[in-house]
Number of protein chains: 2
Amino acid sequence: MAGRPVDHRRRAELLDAAVDYAAEHGFSDLSWRPIAAALGVSTTTLVHHFGTKEQMLVAILGRLRERIFVLTSDRAAGQPTLAAAARAAWEWSSDPQRWPEFKLFFAVYGSALQAPHLFAGFLDRVVADWMSLLRDAQGPDDDPAAPTLVIATIRGLLLDLLATGDRDRVGNAAEAFFAGLEHK
Amino acid sequence: MAGRPVDHRRRAELLDAAVDYAAEHGFSDLSWRPIAAALGVSTTTLVHHFGTKEQMLVAILGRLRERIFVLTSDRAAGQPTLAAAARAAWEWSSDPQRWPEFKLFFAVYGSALQAPHLFAGFLDRVVADWMSLLRDAQGPDDDPAAPTLVIATIRGLLLDLLATGDRDRVGNAAEAFFAGLEHK
DNA sequence: GAATTCGTAGTACGATCGTTCTAGAAAGTC
DNA sequence: GACTTTCTAGAACGATCGTACTACGAATTC
């Protein structure tokens, strides 16, 4: 009865490569053939592993969100205060090495806002994940305004940084924000 | 020598209709034929007024940025303090009636981050326009950190609001931010 | 009214799109 | 080795894409 077993590792490998490709070549114009060519496989292989193109987009965006969240939460989780967690998250996120990934993140975010039916899973978790992470660092004060503000500010500053590349101005603004968080 | 004069009003009319169409149907999958059908014209007419599809995208995003900036600056300009200007900008921007326009704004923003060569004009002005607006309200204190933070926070809060629709939580966070701005 | 330019539409071309079909090699169980 | 399922590739399909070409009414100058 059994036959060849499903190779989950292979799918994960292709998915990560697809995320890298999307970060480099953009998210809005993805199509089977160029991705397949870049990954050194046939389009049939991608179709076999991901189904339809829509399903592949959902898989890419899900993996991207997971990658960013896991890496950021490694740095932000376990911090003693909300301000410390915010500072840790910012310092990791604002590294120019992360820029392609975050440009892709905001491209996906924007697309999701205009196609909520397709990207419902992304929109559901894109704020909630971070809220629960930050509220762990927040301590007994359970006012959701503070973590909401931290998420919004970090993302807004990233949008500025990615658009202008002005690390000095944006970095100073971030520092002012964290300082205000601590003296409250 | 002269012939029929160029009808600039006609182009502006079509462009505004195209922006409305993009706000309703999404930015990433725009193509001549569906837009033309929705606007009740032929694709040839659109090509005639806008040139190539890339040029039409640039025109759409330019007009969108202009529309949002003009309308917001009507409310924010002339405010006595930075906090007042920020509050005015937020109160106008967060109105659910504006959501489709801002979803399009962030979709364009995300696409621009991944195609900076195409959307350089957008990226150049998307922060600079607001900086100059807010620094007028800022008064003698010319530290760019404060207006940078205002822009980032408002945009980050909008991202949250548009993704979650949670007006209470995001509204409270906005209020906390403005209160902090005033007592500084 | 002749000449010229603009606005609009219809048609057609080649390219690319997502997807399906067919087929064979690979990796398991019995 | 027989059997079954997965993985991969190639070819082909119909649809849609951006764009160029042709043509004609509208608006203006001379």
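Everything numeric in this text was worked out from a predicted model, so none of it was measured. Side chains are part of it too, since the values below use all heavy atoms of this structure and drop only hydrogens, waters and symmetry mates.
In this model, the phosphate group of C:dA9 is not approached by any side-chain N or O of B:Thr44 to a distance below 4.0 Å at OP1 or OP2. Considering only side-chain N and O atoms, B:His48 lies under 4.0 angstrom from the phosphate OP1 or OP2 of C:dG7. At C:dG10, none of the side-chain N or O atoms of B:Ser42 fall inside 4.0 Å of OP1 or OP2 (strictly under the cut-off). At least one side-chain nitrogen or oxygen of A:Trp32 sits closer than 4.0 Å to the OP1 or OP2 atom of C:dT19. Residue A:Thr45 places none of its side-chain N or O atoms closer than 4.0 Å to OP1 or OP2 of D:dC7.
Where B:Pro5 and B:Thr43 each meet DNA chain D at their nearest nucleotide, the meeting point lying more 5' is that of B:Thr43. Of the residues near DNA chain C, A:Glu54 and B:Val6, the one whose nearest nucleotide (by heavy atom distance) lies more toward the 5' end is B:Val6. Residue whose closest nucleotide on DNA chain C sits further toward the 5' end, between B:Gly40 and A:Pro34: B:Gly40.
For B:His49 and C:dT8, the NE2 to C1' distance is 8 Å, given to the nearest whole Å. Here the P atom of nucleotide D:dG10 and the CZ atom of A:Arg33 are 13 Å apart, to the nearest Å. Computed from coordinates, the A:Leu15 CG to D:dC7 P distance equals 15 Å when rounded to whole Å. B:Leu30 has its CG atom 11 Å from the P atom of D:dC17, to the nearest Å. With rounding to whole Å, B:Asp29 atom CG is found 13 Å from C:dC17 atom P. B:Phe50 places its CZ atom 11 Å from the P atom of C:dT8, with the value rounded to the nearest Å. As rounded to whole Å, 11 Å separates atom C1' of C:dT16 from atom NZ of A:Lys53. Look at CD1 on B:Ile35: it is 12 Å from C1' on D:dG18, rounded to the nearest Å.
Nearest heavy atom pair, residue B:Leu104 against residue B:Ala23, reads CD2-N, 3.6 Å.
Between the CD atom of B:Gln138 and the CD atom of B:Gln79 there is a distance of 15.0 Å, given to the nearest 0.5 Å. In this structure, the separation between CG on A:Leu46 and CZ on A:Arg33 is 11.5 Å, given to the nearest 0.5 Å. In this structure, CZ in B:Phe177 is found 14.0 Å from OG1 in A:Thr148, a value given to the nearest 0.5 Å.
Aromatic ring orientation, A:Phe102 versus A:Phe105: perpendicular (interplanar angle above 60°, classes split at 30° and 60°).
Across all strands, B:Leu46 comes closer than 4.0 Å to no nucleic acid atom at all (heavy-atom distances). The residue A:Arg10 sits close only to the backbone: its heavy atoms come under 4.0 Å of sugar-phosphate atoms, none of a base. No engagement by A:Leu14 is indicated, since no non-hydrogen atom pair under 4.0 Å with the nucleic acid exists.
With hydrogens and angles ignored, no donor-acceptor pair closer than 3.5 Å exists between the side chain of B:Arg4 and the base of D:dT28.
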